[in-house]
Structures are given as structure tokens and as C-alpha cells.
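Step one of this worksheet: look at the structure below.
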Amino acid sequence: MESAKLDIGSVIRTERKKLGISLDEAAQKTGVSKATLGQIERGESSPTLSTVWKISAGLRLPMATLLAQNLHADYRVVKLSEVTPMREPDSGIQVYNIFPFNPVTAFDYLYIILQPHHYYPSTGHPNAQEEYVVVTSGRLDMHIAGKVYPMEEGDSITFAGDEEHGYGNTGDEPVFFQTMMRY
């Protein structure tokens, strides 16, 4: 993925204008001087994390809004063939980390292939709020807290991220599924 500079200033300017407030008003609400806000908005200086927190709190904007960048230069198709899967010997599972954890979005997105006649146990993830699973192709047996939930193509399930679980494939074909963990 192309590297792009984090442009918080333009995000702050856009959000401030959406709120319909001047630099003077923003300075009063945030406790950050008008001169500093102007420099940040023009890209002449980079704010410290504490300054971003002040702006976020003062303008009542989520921190993620100020840090999220949706720059056109970053758009790129991720080819599955370009992602190196994580594998464990004899486990029958391949895990592709398509969208690695990002503290702004707070989720992981994995594409998983489980070979026929394999079961893969997974401990709960203590830092995950929820896990979402969607079967793309094949038949998956989701084992969650001692119960088995049979799933077929297009089926989905969500459960607490810290719950003990496992993925099973009792069929003769690989199962393809996706999982997203929200932190």
C-alpha cells in the first residue's frame, strides 16, 4: 500500500466548517490557540497527541474522525495471492490477514481456508469485543462454548470475542470463510 502523510489539518478544517464555527470559536472551545489551529489546518505544523485530544474533546468529534484518513492514493486492490498466509503444520488451516489491526478502525479482517476433515481450536481473544464469521463457500461447524453451530455458504454468526471457540470441517471439500474481530 502506498504511504501517505497523515493530514489531520485538512480533516480538522473540514470538520470545523461542517460545524459552522470560525477559528476563533474553535480556539475557545478547544483551548488551542487560533494561531496553532491555523498552522495545523494549513499543514505548517503537526499537532501533538495531546493537542489532537483537546481538539477532539472541544469540537466533540471522535478521535477516530480526526485520525481517519481516506486518501485516494491509498486505494489499492489487495490480491489474495499477494498476502502470505499464516499456517501451522498439520493444522489444515490457512489464515490470510487481509486488513490487519488498525487502532483507528479497531478491527482485524481475516480470510480463512480450512481443509477437509480438520478442526482448529481457538482460544478466546481477551482483547476482542466480538468476532463475526461469514461462510463464503463450503460447510463450517462453529464450536462455541461447548455447542456446535453448523453453517453453510452465506451463513453468519457473531459471538463474544473472549469466548472459547473452534472451526471444524467434517466435509470432503475445503471451507472458505471470513472472520472479523472488533476490539
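Just so it is clear, the structure is predicted and the values come from calculations on it, not from any experiment.
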Going by heavy atoms in the side chains, are P85 and V95 under 4.5 Å from each other? no
Please check if the side chain of H118 supplies one atom and the backbone of G168 the other of a donor-acceptor pair under 3.5 Å. no
Side chains of N169 and Y120 in contact at under 4.5 Å (non-hydrogen atoms): no
Spell out, yes or no, whether V148 and V175 are grouped together once hydrophobic residues are joined by side-chain heavy atoms under 4.5 Å, including indirect joins. no
Flag the pair Y167 / M142 as yes when at least one side-chain heavy-atom distance between them is below 4.5 Å, and no otherwise. yes
Side chain proximity check, R16 to L23, heavy atoms < 4.5 angstrom: yes
Approximate separation, where rounding is to 0.5 Å, of I98 CD1 and L80 CG: 5.0 Å
Hey, could you give me the OH/NE2 distance between Y149 and H143, rounded to the nearest 0.5 Å? 11.5 Å
For a quick test of reading the model, state the closest non-hydrogen atom pair linking P174 to I113 and the distance between them. CB-CG2, 4.1 Å
Evaluate the side-chain proximity of M181 to L110: yes if any heavy-atom separation is below 4.5 Å, no if none is. yes
Check A27 against S33 and note the closest heavy-atom contact, atom names and distance. CB-C, 4.0 Å
Kindly write out the residues that satisfy salt bridge (charged side-chain N to carboxylate O under 4.0 Å, His left out) with K34, not counting sequence neighbours, or none if the list is empty. D24
Just wondering, do F107 and Y132 contact through their side chains at under 4.5 Å, heavy atoms? no
Measuring from E152:CD to L140:CG, what's the distance to the nearest 0.5 Å? 10.5 Å
For a 4.5 angstrom cut-off between non-hydrogen side-chain atoms, does V133 reach F159? yes
For D172 and H117, run side-chain contact (heavy atoms from CB on, under 4.5 Å): C-alpha distance rounded to whole Å, both residues' side-chain angles, the deciding distance at 0.1 Å, then the answer. CA-CA 7 Å; D172 294 327; H117 308 288; 2.7 Å; yes
Rounded distance [0.5 Å steps], CD in E130 versus CZ in R182: 4.5 Å
Do L37 and V52 sit in one hydrophobic cluster, given that two such residues count as connected whenever their side-chain heavy atoms are within less than 4.5 Å of each other, even indirectly? yes
Nearest 0.5 Å, please: how far is OG1 in T158 from CE in M180? 8.0 Å
State yes or no: do I93 and I144 share one hydrophobic cluster built from I, L, V, M, F, W and Y residues joined by side-chain heavy-atom distances below 4.5 Å, directly or via other members? yes
Linked, directly or transitively: L61 and I12 (ILVMFWY side chains, under 4.5 Å): yes
Below 4.5 Å, heavy atoms only, C-beta onward: do L59 and E15 meet side chain to side chain? no
Taking every heavy atom of S156 against every heavy atom of V134, the minimum-distance pair comes out as CB-CG2, 3.9 Å
When you look at CD of E173, are more than 12 heavy atoms from neighbouring residues, nucleotides or ligands closer to it than 6.0 Å? no
Just checking N127: does its CG atom have more than 12 heavy atoms from other residues, nucleotides or ligands closer to it than 6.0 angstrom? yes
What pairs with R42 under salt bridge (charged side-chain N to carboxylate O under 4.0 Å, His left out), at least two apart in sequence or on another chain? E44
Smallest separation among heavy atoms of P62 and S56, with atom names: C-OG, 3.8 Å
Once rounded to the nearest 0.5 Å, what's the spacing between atom CD of E131 and atom CD1 of I157? 10.0 Å
